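Quick caveat, the model's predicted, so the values are computed rather than measured. In what follows, chains are A, B, ... by sequence order, proteins preceding strands, each numbered from 1.
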There are 2 protein chains.
Amino acid sequence: MTTVELGRRERKKLATRAALSEAAVALSLEHGVEHVTIEQIADAADVSLRTFFNYFSSKEEAVVAGDSARGDVLVELVRARPADESVMTALRTAMLEHVEDLAGDDQLDALRMMRRTPSLLPHQLAAYADRERALAVVIAERLGDDVPDDGSVGLRAALAAAVVMAGVRVVLLRWTDGGTRDRDVLRADLAEMFDQLAAGLDDR
Amino acid sequence: MTTVELGRRERKKLATRAALSEAAVALSLEHGVEHVTIEQIADAADVSLRTFFNYFSSKEEAVVAGDSARGDVLVELVRARPADESVMTALRTAMLEHVEDLAGDDQLDALRMMRRTPSLLPHQLAAYADRERALAVVIAERLGDDVPDDGSVGLRAALAAAVVMAGVRVVLLRWTDGGTRDRDVLRADLAEMFDQLAAGLDDR
DNA sequence: CGCAAACTTGCACGCCGTGCACACATGCGT
DNA sequence: ACGCATGTGTGCACGGCGTGCAAGTTTGCG
């Protein structure tokens with residue numbers, strides 16, 4: 001992790017950012033995203049409205065930030081898999097590990113709130129796209145491709161990243177929308193998703 | 001097509017919508033999306049600013065509308081494939097047909113402009129998500145699933161739709177970002193994309 | 001022709017997002 | 001310990017955004 005040594009300044013920044021994001025989620029859970037103003041969020045985090053915009057460029061970004069951070073963890077889990085694992089094996093294993101990181105019911109409630117708020121959808125998808133780019137780089141490295149500084153990768157890596165993120169998104173959406181909170185169900189759906197991808201999605 | 005018989009009212013509405021969308025694209029191409037105000041778009045389409053919001057809820061939506069409509073065509077092409085084709089065959093064939101619909105250089109310039117405008121990304125992705133839902137329904141019907149009125153579909157259909165849309169997005173992005181305008185290159189990349197999906201994206 | 005429904009428009013209002021200037025805190029070299 | 005360069009927080013101002021509302025206009029239909 002990069003969280004080893006930070007000066008007071010850095011720590012304060014992270015704390016403020018976290019406070020803003022948490023306030024955004026809490027207020028949105030209570031009143032609905034649409035009915036929360038940025039000013040309320042800033043007040044709850046005890047900073048000025050102007051300062052809010054030093055950290056996030058919109059209310060939606062603040063609400064989604066937590067979810068986004070969880071996605072970064074997934075990318076790191078993939079990177080941490082042994083180099084001799086195939087791409088799809090590494091992705092599958094990392095994803096199943098990642099299910100453990102989904103914490104308690106409050107986080108799940110927040111997830112549900114986000115997934116069913118239409119105005120949040122564009123920003124959630126944009127967050128997915130960000131992680132997809134990061135994941136593509138990790139996959140390209142695993143494939144032995146050399147990745148230029150601009151982050152452009154080959155078709156194969158970009159495709160694998162996009163497809164798996166799409167699969168994860170679909171499975172996660174169905175799980176949060178469904179009534180159950182049983183993680184075994186989620187694990188089973190993820191496994192089936194990877195199985196179908198491996199089988200080429202063929203129906204004949 | 002559904003464009004057979006429309007009253008004057010409906011035709012005017014479609015014309016206004018098209019005029020707004022085209023004005024949005026033209027002005028964005030000329031000045032950049034960020035520097036175009038909704039008022040300018042409304043003026044160019046010769047309607048009031050207030051009327052703009054009767055058609056689109058944001059500038060971005062208007063700019064992306066054309067691209068979005070093209071996506072609907074793709075979904076219809078898939079639906080039109082013979083019922084005895086497998087899902088992946090129908091998707092592959094429809095997509096290759098769809099390449100023909102990409103018209104001249106001006107449309108391509110518009111596409112390029114959209115793809116490289118960051119503030120448009122969320123709305124483009126949301127548009128993709130809309131078509132993904134429609135595509136999932138078409139796929140579910142082809143699989144013989146019965147689709148309830150709320151549009152919910154099985155994992156298999158949802159997954160196939162999401163994965164193929166993700167693949168198309170990746171290939172299209174790489175093509176527009178690359179220098180070439182050669183459609184044979186695009187066709188080849190699409191074919192390779194489907195091949196890799198069929199092969200389960202496996203690298204061992 | 002006349003009415004009901006749909007569409008357009010102007011107005012008003014509050015929120016959003018940013019540039020700017022200035023105050024203040026921090027870290028760093030001396 | 002001190003002072004300076006740099007970075008961060010805040011208030012202010014301003015223009016654009018998005019919507020509810022009510023009044024005016026057009027369209028479709030009996």
- Task: State plainly whether the residues B/R50 and B/E39 are in salt-bridge range, i.e. N to O under 4.0 Å.
- Result: no
- A/D182 versus A/T180, side-chain donor and acceptor atoms under 3.5 Å: no
- Task: Determine yes or no for a side-chain-to-main-chain donor-acceptor pair under 3.5 angstrom, with A/S68 supplying the side chain and A/V64 the backbone.
- Result: no
- Using five pairs at either end of the helix from C/dC1-D/dG30 to C/dT30-D/dA1, determine the angle between the two local helix axes and round it to 10 degrees. 20°
- Using chain A heavy atoms and a threshold of under 4.0 Å, write down where along DNA chain C the contacts begin and end, 5' to 3'. C/dC16 to C/dG27
- Task: Specify the separation, in whole Å, of atom NZ of B/K12 and atom C1' of D/dT25.
- Result: 11 Å
- Item | Spacing of A/K13 atom NZ relative to D/dG7 atom C1', expressed in whole Å | 8 Å
- OP1 or OP2 of D/dT8 under 4.0 Å from side-chain N/O of A/Y55: no
- Item | B/D46, CG atom: more than 12 neighbouring heavy atoms under 6.0 Å | no
- Examine the side chains of B/R115 and B/Q124 and answer whether a donor and an acceptor come within less than 3.5 Å of each other. yes
- Can you check whether A/T51 has a side-chain N or O nearer than 4.0 Å to OP1 or OP2 of D/dG9? no
- Task: Check whether any side-chain N or O of A/D203 sits under 3.5 Å from a backbone N or O of B/S86 as a donor-acceptor pair, and report yes or no.
- Result: no
- Along nucleotides 14-22 of chain D, 5' to 3', which nucleotides get a B, which get an S, and which get a -, given that the test is a protein heavy-atom distance under 4.0 Å? ---SBBBB-
- Query: Between the side chain of A/R142 and the main-chain N/O of A/P82, is any donor-acceptor distance below 3.5 Å?
  - Reply: yes
- Message: Distance alone, cut at 3.5 Å: any donor-acceptor contact between the side chains of B/S119 and B/E60?
- Response: no
- Does any donor atom in the side chain of A/E85 or A/T89 lie under 3.5 Å from an acceptor atom in the other side chain? no
- Item | Salt bridge B/R79-B/E141, side-chain N to carboxylate O under 4.0 Å | yes
